[in-house]
Q: 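Structure in structure tokens, see below.
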Amino acid sequence: MSTPSPGEPPKGSVVVPAHDEGAVIDRCLRALRPGDDLEVVVVANACTDDTAQRARAHGVRVVETPVPGKANALDLGDDACTVFPRAYLDADVTVDGDDLRRVLDLLREGPALAAAPRLRVDVSRSSWPVRAYYRVWTALPYVTDDLIGSGLYALSREGRARFGRFPAATGDDTFVRALFAPGERVSVPGTTFTVHPPRTLGALLAIKTRARFSVGEHVVSAAPTAAGAGPQPASAARRLAARPGLWPSVPVYAAVGLLTRLRARRRLRAGAQAPWDRDTTSRTAPAA
């Protein structure tokens with residue numbers, strides 16, 4: 001870990017929105033290893049647990065608000081940060097601090113406007129349908145080809161200038177990813193971040209319905225979309241056809257996709273807001 005000279009500003013900042021994340025915030029911040037070279041702001045929004053106290057024990061700045069909502073938390077984190085590049089990290093995601101610093105260094109040097117480490121999905125505690133789903137999902141071009149989002153993305157100053165306040169929509173990842181064409185976003189080789197997926201099929205269906213809903217919200221809102229930012233079904237089909245080892249898992253992936261698409265479409269047609277569908281199965285404190 002690099003340390004700035006006395007009086008030198010941090011080399012980047014990190015916003016961590018956290019609603020009742022006491023079970024996992026220690027895991028997140030331990031992996032991040034905050035230091036003088038990294039400005040970290042945890043926004044405890046409408047928390048009823050010890051998220052704020054646990055975060056303060058790691059020496060980071062904590063902003064508390066009684067107002068719920070991730071968009072508001074992200075905005076408050078932006079207001080509290082002072083430097084770029086800037087990362088936005090979900091509290092239930094883990095990334096090694098050195099890997100994140102490499103991503104921020106890349107954005108500082110340019111020309112990329114948005115970046116993230118490579119995605120890793122830890123399915124070691126998940127049921128077999130969940131493992132089958134992620135075997136296919138992690139093989140798709142959407143994930144393998146310069147993915148940003150899914151719990152972590154970082155923006156240069158110029159990249160962050162693409163939009164103002166965060167929209168009060170279900171998925172900030174979907175909104176931000178769509179602002180950058182493939183040549184403007186980079187998944188940094190040699191770095192990783194880890195997503196801890198649901199343990200059960202029911203929990204997977206809930207969070208993927210929310211994700212589908214957020215995509216539908218984005219389309220309906222007619223927000224600006226960078227060329228080529230969306231998924232490419234034909235490319236995905238070719239990728240799966242070339243990997244017979246994935247074929248036994250494809251029916252699970254397809255069934256989850258169909259069911260969640262129907263659920264999300266029904267909610268959109270009803271004009272209802274998506275419930276948060278928070279996954280609690282993966283949010284358990286590590287064993288002592």
Side-chain angles (χ1 to χ4, degrees), residues 9-29 31-32 34-95 97 100 103-104 107 113-116 148-179 193 210 214 217-218 221 223 273-278 283:
K11 295 183 178 180
S13 57
V14 186
V15 175
V16 185
H19 169 68
D20 285 348
E21 298 286 14
V24 295
I25 192 68
D26 288 323
R27 180 183 69 185
C28 174
L29 295 176
L32 194 57
D36 292 340
D37 64 329
L38 197 62
E39 178 184 55
V40 179
V41 176
V42 174
V43 183
N45 61 308
C47 287
T48 59
D49 67 356
D50 60 351
T51 296
Q53 298 93 305
R54 287 181 175 274
R56 286 193 181 95
H58 292 267
V60 303
R61 181 176 179 185
V62 176
V63 176
E64 294 188 71
T65 174
V67 180
K70 188 177 182 182
N72 178 63
L74 291 167
D75 286 336
L76 289 175
D78 262 340
D79 292 342
C81 288
T82 61
V83 294
F84 284 94
R86 186 164 301 161
Y88 301 86
L89 172 66
D90 286 357
D92 61 326
V93 169
T94 52
V95 59
L100 184 57
V103 171
L104 296 175
L107 287 172
L113 304 180
I148 64 166
S150 292
L152 171 60
Y153 53 88
L155 305 175
S156 67
R157 185 183 296 273
E158 182 181 353
R160 182 60 184 85
R162 285 276 173 97
F163 64 101
R165 308 299 273 182
F166 280 89
T170 307
D172 62 293
D173 290 354
T174 303
F175 168 78
V176 170
R177 185 185 307 122
L179 296 174
F193 73 102
R210 186 187 76 208
S214 73
E217 277 186 318
H218 175 73
S221 70
Q273 291 187 342
W276 182 240
D277 290 330
R278 178 186 179 89
R283 284 174 164 85

Q: Please name all residues satisfying side-chain contact (heavy atoms from CB on, under 4.5 Å) with A80, sequence neighbours left out, ordered by chain then number.
A: V41, R61, V63
Q: With heavy-atom distances below 4.5 Å as the criterion, would you say the side chains of D26 and H58 are in contact?
A: yes
Q: Side chains of Y153 and D172: does their closest heavy-atom pair fall under 4.5 Å?
A: yes
Q: Looking only at non-hydrogen atoms, find the nearest pair between G12 and L104 and report the distance.
A: CA-CD1, 4.0 Å
Q: Identify the heavy atoms of G149 and D173 that sit nearest to each other, and give their distance.
A: C-OD2, 3.7 Å
Q: Can you tell me how far apart CD (E21) and CG (D50) are? Round to the nearest 0.5 Å.
A: 11.5 Å
Q: Sequence neighbours left out, what passes side-chain hydrogen bond (donor to acceptor under 3.5 Å, both in side chains) with T51? Give chain and number order.
A: D49
Q: Please name the pair of heavy atoms, one in V40 and one in P34, separated by the smallest distance, quoted to 0.1 Å.
A: CG2-CB, 4.0 Å
Q: With distance as the sole test, does H19 use its side chain to make a donor-acceptor pair with the main-chain N or O of A46 at under 3.5 Å?
A: yes
Q: Which residues pass the side-chain contact (heavy atoms from CB on, under 4.5 Å) test with A57, not counting sequence neighbours?
A: none
Q: Can you name the nearest heavy-atom pair linking D92 to R27, along with the distance?
A: O-NH2, 3.1 Å
Q: Are side-chain heavy atoms of I25 and V16 found at a separation under 4.5 Å?
A: yes
Q: Run the side-chain contact (heavy atoms from CB on, under 4.5 Å) test against A73 and tell me which residues pass, sequence neighbours left out.
A: P17, V43, N45
Q: With side chains defined as the heavy atoms from C-beta onward, is the minimum distance between S13 and L38 less than 4.5 Å?
A: no
Q: Would you say that F193 contacts T94 through its side chain, given a criterion of any heavy-atom pair below 4.5 Å between the two side chains?
A: no
Q: Please identify each residue that fulfils side-chain hydrogen bond (donor to acceptor under 3.5 Å, both in side chains) with E158, with sequence neighbours left out.
A: none
Q: Please assess R86 against V15 for the test side-chain contact (heavy atoms from CB on, under 4.5 Å), listing each intermediate value before the final yes or no.
A: CA-CA 7 Å; R86 186 164 301 161; V15 175; 4.1 Å; yes
Q: Between K70 and D90, is any pair of side-chain heavy atoms under 4.5 Å apart?
A: yes
Q: Could you work out, with side-chain hydrogen bond (donor to acceptor under 3.5 Å, both in side chains) as the rule, every residue matching T82, not counting sequence neighbours?
A: E39
Q: Among all residues two or more places apart in sequence or in another chain, which pass the side-chain contact (heavy atoms from CB on, under 4.5 Å) test with R160?
A: D78, F84, Y88, L155, F163, F166
Q: What heavy-atom pair brings A87 and L100 nearest, and what distance separates the two atoms?
A: CB-CD1, 4.0 Å
Q: I want to check something: taking the side chain as every heavy atom from C-beta on, are S150 and R177 in contact at a cut-off of under 4.5 Å?
A: yes
Q: Tell me the closest heavy-atom pair linking P9 and V83, and the distance in Å.
A: CB-CG1, 4.4 Å
Q: I'd like to check the side-chain hydrogen bond (donor to acceptor under 3.5 Å, both in side chains) partners of R56; sequence neighbours left out, ordered by chain and number.
A: E64
Q: Go through the structure and list residues passing salt bridge (Lys or Arg N to Asp or Glu O under 4.0 Å) with R165, not counting sequence neighbours.
A: D75, D79
Q: Do D36 and P10 come close enough that some side-chain heavy atom pair is under 4.5 Å?
A: no
